[in-house]
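Here is how names work: the chains are called A, B, and so on, in the same order as the sequence lines, proteins then strands, and each is numbered from 1.
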Amino acid sequence: MLRKLELCIVMAFVMPIISLAQSPSLTIKGKVLSDKDPVVLATVVVKETHTRAFTNIDGEFSITLDEKGEYTLYISASGYRNSTQTIDVSQEENSFEFTLVKDALGLDQVVVSATRNRVERKKAPVVISSIRTRLLNATQSTTLADGLGYAPGVRVENNCQNCGFTQVRLNGLQGAYTQVLLNSRPVFTSLLGVYGLAQIPVNTIERIEVVRSGGSALYGSNAIAGTVNVITKDPVLNTWEIGSTISSIKGDALDRNLNFNSSIVADDLQTGVTFYGSYRNRDAYDANDDGFTEIVEIDNTTVGAKAFLKPHERSRISLNLNAIKEYRRGGDRLDLAPQFTDITEELQHDTFIGGADYEWESTDYSHKLQAYTSTSYTNRDSYYGGLGGSRTRQDSLIANNAFGTTKDLAWVTGVQHTKSFTRDVITSGLEYVTTNTEDEIPGYNRSIDQQVNTIGFYSQYEWKPTEKVTALLGARLDHVNVDGKYSVGTVLREVSIDQTAISPRLTMSYDLTKQIKLRAGYARGFRAPQAFNEDLHISSVGGEQLFVILSEDLKTEYSNAFTSSFNYSLSKNLLQLDFLVEGFYTTIQDPFTQVSTGATLNNGSILEEVRNGSGATVFGSNIEIGVSPSSDWRFQIGATYQESRYDDEQLLFESDGTLGESDIFIDEFVRNPNWYGFLNATWLPSEKFNVDLTSTYTGRMNVPRVISDSGFLQINRSNPFFDMNLKVETHFDYSDDFMITISGGVRNMFDSFQDDFDTGATRDSDYVYGPMAPRTVFLGIKIGKMH
Amino acid sequence: MKLYTTLVFVIVAFVVLPINAQGNSIEWTTIENVEDSLSRKRKKTILYFYTDWCVYCKKMEQSAFKDQQVIEKLKKDYYTIKLNAETADTIQIGNDQFINKNLKKTRNPTHELAELLGSRKDKPFVAPVIVLFDEQFNVIKRSFEYLSPKELYQWIQ
């Protein structure tokens, strides 16, 4: 019957192994021995029914069966050779005895399921770069803008000395091509996008997911360059934390930060709430001692709360409320009222963002329904103006009237349904977005009155025909209605369009081997004519204001984006390695370009028009390598090479005939380096101590600079920058309920900062490029119950 | 001034919050001790597997395992063993030794005992896992998920 083992049958009674009581029809009781000694915690598995039992301290076990017949038992125990036995269960009560032989050579393994695979393999068919709390912490990021630059293909820049307007550029395309989402909702309106990146405090962020390229068919066609999804924290433990950081910018300006967050989650995990708040006070910084700021003064207080309630196991209601109050000021003589200075950009933002979400899953988890609504309202008081270097009565009059008000309201509401089959998934949804922007500066006769309504329907099919292949096929149908009246000085423009567009998307991924994943994709996107974030920003150039207005007959912009990538992931013993090479190619038809028409407004201000360009192509490659030889060490390096070209020469400045000035044409995008990248290294010897080195590299780029009153430009070639930060952190657990973390370090230790800022009252305040701050030393402390 | 009042408010509201009344707590012991104790007095046993990075384990330690009713019931009727599923120790039960075979092989090396008692078909070991043994040290039932104080109390009846 069997090979080397002795077999003996003994009668016994049964006890259920799983907690649910069943009325047993047949029971097997047994004993597992080795050399007459009982084997403790041996596993006995019945092949046919997958029932599993363990032997107790006396080597005994019992199993319930439904039918008589022949069964195969697998018996295994640590240190013993595995044994397979066939038994005949023919009576009500059956009893068996099994003997195991010691496994001297270690030839057999204990029969258990695979151990957990801890490699962070990106299983998604699309490449997603995740920036987690750990990295935000390591880079000493205070706001979202600070932390974004450490993902491949992402660059964040400060583009205005007077107001600190930040832009995120994904794969070489300007800020407006990226859709910023808050918990997957598009509540980042154009206005919020101007300053918003620098307003979201980091202590509320759980992670940021960046999906580069492709114009997501799920999130809206404005995401031509990609999406940046800010996901806020979802608590489990009761925690509280208060932290404070002080930074000194070149020993000259102080940046003070105080923040707190606290979470309470009920014992049954059904309800919970997180509160957070942050206060930031940053002095203005003058880099070249000309009396005008290069880094603006900021006073920001943000509070918010996120609560959830689970009415039953498979559903969840969540509510979030955030309020941001921010004051920023740049220019000269910040202590004077704005109309008495040469240049001032003063902004007071009052923003409220609130939303509610409902999620429900069916009993078999195959259906998932989400309904959401979110709103953001910003009330902004602005001052863009000043005496501009002269002291005439006319100048004073204009300066006194440069105050403006803006009201911006966005409301998003939608539903999404996901159906999961054995392997495939279908996601569909309906979304309605309405934004209303009113921006008035009566003194310049400048006004923007714009409503944009979009109703979109999207559907995406995730198809897994085999284990190795995944395909994503999706499309989004949008109907956009834009109604806008734009005026500045005597120029008046109107946009009134009704448009329907389909944005399809196709992505495929193939697992060549367990370690190698190939991906390729295509997506189409569009942007209907409307005022985007840079258009709502007013610069100061040559002592005058620079306004942006839409041209007549602006056509919709279309884009086609292709991506492909090769991803190799290895996890061997303690080593983890991830290697990604990605190529991207995007063509834009009728791109929106800003053309300077010179000082054409009657008060001498410069007007830039948004016109359709002839067509542009952005293409390049990202490479990212992550290595972690053990859990103590982590290295990450990323580099991007890109080219961005206009099909025909693109007009940047339109001359008005002034002597010595002519039209200026460019054939590649400005402010786009061909090379850029990042490098991070972390040493984490223990929970108590860690050292982080993070850095970004920005290659040379063309930056336009206004050199005359007429707005005439000069294209300068910038130097490369290498911005490196070092942070050291130590952590003490005073008790289970109280911990302290102390950190310190330096940001931009090589002081790699722009050194040719324009000076004085007539400067070009948009002539800003490169790292956002010079060398800054910081010290921070956090106390609380953090884990 | 505004900063000061905000700070005071924040400290009063959030420092006062998490102070727990201590009361009794569970007396955790080891498997070897239990083996010894079982020969003198037979009681049921709870074996609780946790890992350092498991958030739900911490939540259970802060709520379910601090619940007075749960503590009393466990004290009366159970031996309570707490075991780090990633321990490097060799554990002896009876004549058998259990070791951690994954020690240098993966970042989160699961101990043999945890793999054995904590795995299910096609599912790897994930903490928290609680195994309930009867007086004869037979495995009666296992829990693989987070249990609230109420749920744990029901489970150990």
Side-chain angles (χ1 to χ4, degrees), chain A residues 15-19 34 37-43 50 52-62 77-80 109-110 112-118 236-242 258 260 262 264-270 275 277 279 281 301 571 573-574 576 630-631 737 784-785 787, chain B residues 3 6-7 10-11 13-15 17-20 35 38 52 55-56 58-59 62-64 67 93-99 101-102 104-110 112-113 115-126 132-134 136-143 146 148-151 155:
Chain A
M15 219 149 63
I17 299 303
I18 313 298
S19 60
S34 177
D37 287 324
V39 179
V40 183
L41 290 182
T43 314
H50 302 298
R52 184 199 294 241
F54 297 101
T55 56
N56 65 12
I57 208 150
D58 299 317
E60 292 160 352
F61 72 90
S62 19
S78 167
Y80 298 90
Q109 301 287 320
V110 177
V112 288
S113 322
T115 47
R116 184 202 260 275
N117 184 350
R118 290 283 293 161
V236 173
L237 299 175
N238 295 348
T239 58
W240 64 272
E241 185 183 297
I242 300 177
L258 173 69
F260 78 88
S262 172
I264 307 169
V265 178
D267 285 341
D268 57 6
L269 300 182
Q270 304 308 302
F275 295 102
Y279 167 76
N281 185 318
T301 305
S571 182
N573 295 342
L574 297 179
Q576 281 179 356
S630 70
S631 36
D737 294 323
K785 178 179 182 351
H787 55 81
Chain B
L3 182 57
T6 316
L7 201 60
V10 158
I11 291 177
F14 295 104
V15 173
L17 205 71
I19 295 177
N20 289 322
E35 236 204 304
L38 276 175
D52 289 328
V55 174
Y56 290 103
K58 290 202 175 90
K59 188 74 182 172
Q62 288 167 10
S63 41
D67 182 85
I93 306 182
N95 293 325
D96 303 303
Q97 287 194 332
F98 299 89
I99 59 170
K101 291 194 180 145
N102 293 316
K104 285 288 180 217
K105 301 217 194 108
T106 78
R107 297 231 170 164
N108 297 94
T110 312
E112 210 165 17
L113 213 50
E115 283 181 336
L116 190 63
L117 290 172
S119 300
R120 290 166 283 177
K121 180 168 167 359
D122 294 336
K123 289 191 192 158
F125 173 83
V126 178
L132 199 155
F133 297 89
D134 70 358
Q136 274 81 43
F137 214 65
N138 284 309
V139 173
I140 306 291
K141 57 183 176 177
R142 306 183 286 170
S143 158
Y146 172 83
S148 69
K150 230 198 242 172
E151 286 168 346
W155 199 74

*Asks:* So, taking the atom named CD1 in Ile264(A) and the one named CZ in Phe275(A), what distance separates them when rounded to the nearest 0.5 Å?
*Replies:* 6.0 Å

*Asks:* In chain order, what residues pass the side-chain contact (heavy atoms from CB on, under 4.5 Å) check against Val55(B), with sequence neighbours excluded?
*Replies:* Val236(A), Leu237(A)

*Asks:* Among Lys59(B), Glu35(B), Lys58(B), Lys105(B), which residue forms the greatest number of heavy-atom pairs with chain A at distances under 4.5 Å?
*Replies:* Lys59(B)

*Asks:* Side chain, backbone, both or neither: which part of Leu132(B) has a non-hydrogen atom closer than 4.5 Å to chain A?
*Replies:* neither

*Asks:* Please name all residues satisfying side-chain contact (heavy atoms from CB on, under 4.5 Å) with Asn281(A), sequence neighbours left out, ordered by chain then number.
*Replies:* Arg256(A), Tyr279(A), Asp283(A), Asp299(A)

*Asks:* Below 4.5 Å from any heavy atom of chain B, which atoms of Ser630(A) appear? Answer side chain, backbone, both or neither.
*Replies:* backbone

*Asks:* Look only at the side chain of Glu60(A) and the backbone of Asp58(A), and say whether a donor-acceptor pair between them is shorter than 3.5 Å.
*Replies:* no

